[in-house]
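Contents: one structure, followed by commentary.
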Amino acid sequence: DWEDMQYSVAMLAHLINTSEDWSIASPLGPIDKAKFVEAKKLLEKIRFVCSVGDIDSEKPNNRIQAILASQRLGEELMRCFDIPYDDFEQASEGMLKEFMESVCKLLHQFVFGMPKNQ
């Protein structure tokens with residue numbers, strides 16, 4: 001439903017905007033694996049609603065894709081590509097790579113069959 005999607009996008013946006021705090025080991029602290037798991041679950045949850053049947057399918061759910069676009073999901077996801085991956089790859093112990101793979105999978109489903117989101 002609308003409120004659940006709005007909450008999920010807002011939580012994901014928060015995790016994206018704070019990813020440098022939780023996705024790498026630094027003098028300020030270790031990797032926060034709970035936030036990594038939360039981000040992966042949100043990415044998957046949102047990805048699955050982008051297609052009919054709440055799975056990755058070849059039939060896009062354009063209504064949900066439009067709702068997510070109105071909640072600025074595309075803009076939030078594009079922020080992930082501003083993360084200085086090369087600087088943090090080693091310190092993230094592979095988590096940043098896995099996170100970015102999940103982001104790309106969601107982006108694929110978000111734009112699939114929906115030219116406006118592309």
Side-chain angles (χ1 to χ4, degrees):
D1 80 319
W2 171 266
E3 288 178 2
D4 184 47
M5 282 188 287
Q6 189 174 28
Y7 176 80
S8 295
V9 171
M11 287 303 302
L12 181 60
H14 172 73
L15 289 168
I16 289 169
N17 290 317
T18 61
S19 63
E20 292 179 24
D21 297 334
W22 58 262
S23 67
I24 60 170
S26 73
L28 300 175
I31 293 172
D32 188 337
K33 293 183 181 182
K35 287 193 177 172
F36 172 75
V37 169
E38 180 182 4
K40 291 261 305 174
K41 285 181 180 179
L42 286 167
L43 288 162
E44 183 177 274
K45 175 183 177 180
I46 297 168
R47 185 180 95 220
F48 286 163
V49 299
C50 285
S51 57
V52 174
D54 290 344
I55 58 169
D56 287 333
S57 74
E58 295 297 317
K59 187 170 182 186
N61 189 333
N62 294 136
R63 185 179 72 79
I64 298 296
Q65 289 170 316
I67 291 170
L68 292 168
S70 75
Q71 295 173 351
R72 303 180 46 81
L73 176 65
E75 290 89 342
E76 296 300 341
L77 292 175
M78 293 308 294
R79 290 176 198 247
C80 295
F81 295 96
D82 293 333
I83 297 170
Y85 180 80
D86 291 338
D87 294 345
F88 298 140
E89 179 181 15
Q90 190 171 8
S92 75
E93 300 172 7
M95 290 181 142
L96 189 54
K97 180 181 177 189
E98 193 175 334
F99 174 75
M100 290 304 295
E101 287 172 356
S102 294
V103 167
C104 291
K105 288 178 182 178
L106 171 52
L107 272 171
H108 171 78
Q109 288 300 112
F110 176 63
V111 302
F112 183 72
M114 186 68 161
K116 186 177 178 183
N117 289 359
Q118 299 172 14

(message) Under the rule for ring-ring contact (aromatic ring centres under 6.0 Å, His included), what residues qualify as partners of Phe48, not counting sequence neighbours?
(response) none

(message) To the nearest 0.5 Å, what is the distance between CD on Gln109 and CG on Asn61?
(response) 10.5 Å

(request) Over all heavy atoms of both residues, which pair between Pro60 and Gly113 is shortest? Give the atoms and the distance, please. (result) CG-CA, 3.9 Å

(message) To the nearest 0.5 Å, what is the distance between CG on Leu77 and CD1 on Ile46?
(response) 7.5 Å

(request) Tell me, please, which residues at least two apart from His14 pass ring-ring contact (aromatic ring centres under 6.0 Å, His included). (result) none

(request) For the residue pair Ser92 and Lys97, establish whether any side-chain heavy-atom pair is separated by less than 4.5 Å. (result) no

(message) Under the criterion side chain to side chain contact (heavy atoms under 4.5 Å, CB included), I'd like the reasoning laid out for Glu76 against Arg79: C-alpha separation, chi angles, the key distance, then a yes or no.
(response) CA-CA 5 Å; Glu76 296 300 341; Arg79 290 176 198 247; 3.1 Å; yes

(message) Tell me which one of Trp22, Phe81, Phe36 satisfies ring-ring contact (aromatic ring centres under 6.0 Å, His included) with Phe99.
(response) Trp22

(request) Could you grab the distance from atom CG of Leu42 to atom CG of Leu12, nearest 0.5 Å is fine? (result) 5.5 Å

(message) Hydrophobic cluster membership, with links at side-chain heavy-atom distances under 4.5 Å among I/L/V/M/F/W/Y: are Val52 and Met114 in one?
(response) no

(message) Using side-chain heavy atoms (C-beta onward) and a distance below 4.5 Å, is Gln71 in contact with Tyr7?
(response) no

(request) Looking only at non-hydrogen atoms, find the nearest pair between Ser23 and Leu96 and report the distance. (result) OG-CD1, 4.3 Å

(message) Would you say CD of Glu3 has more than 12 non-hydrogen atoms from neighbouring residues, nucleotides or ligands within 6.0 angstrom?
(response) no

(message) I want to check something: taking the side chain as every heavy atom from C-beta on, are Lys35 and Leu15 in contact at a cut-off of under 4.5 Å?
(response) yes

(request) For Glu58, check salt bridge (Lys or Arg N to Asp or Glu O under 4.0 Å) against everything at least two apart and list the hits. (result) none

(request) Taking all heavy atoms of Asn117 and all of Ala69, pick out the closest pair and write down the distance. (result) OD1-CB, 3.3 Å

(message) If I compare all heavy atoms of Cys50 with all of Phe110, which pair ends up nearest, and what's the gap?
(response) SG-CA, 3.9 Å

(message) Go through it in stages, so that I can follow the logic: the residues are Ser102 and Glu44, the test is side chain to side chain contact (heavy atoms under 4.5 Å, CB included), and I'd like the CA-CA distance, side-chain angles, deciding distance and then a yes or no.
(response) CA-CA 7 Å; Ser102 294; Glu44 183 177 274; over 6 Å; no

(message) How long is the straight-line distance from OG1 of Thr18 back to CG of Asp32, given to the nearest 0.5 Å?
(response) 9.0 Å

(message) To the nearest 0.5 Å, what is the distance between CG on Leu68 and CZ on Arg47?
(response) 13.5 Å

(request) Find the distance between CE (Met95) and NZ (Lys40) and round it off to the nearest 0.5 Å. (result) 9.5 Å

(message) Membership question, hydrophobic clusters at under 4.5 Å side-chain separation (ILVMFWY): are Leu107 and Ile67 in the same one?
(response) yes

(request) Give a yes or no on whether Leu43 and Ile83 share a hydrophobic cluster (residues Ile, Leu, Val, Met, Phe, Trp, Tyr; joining criterion: side-chain heavy atoms under 4.5 Å apart). (result) yes

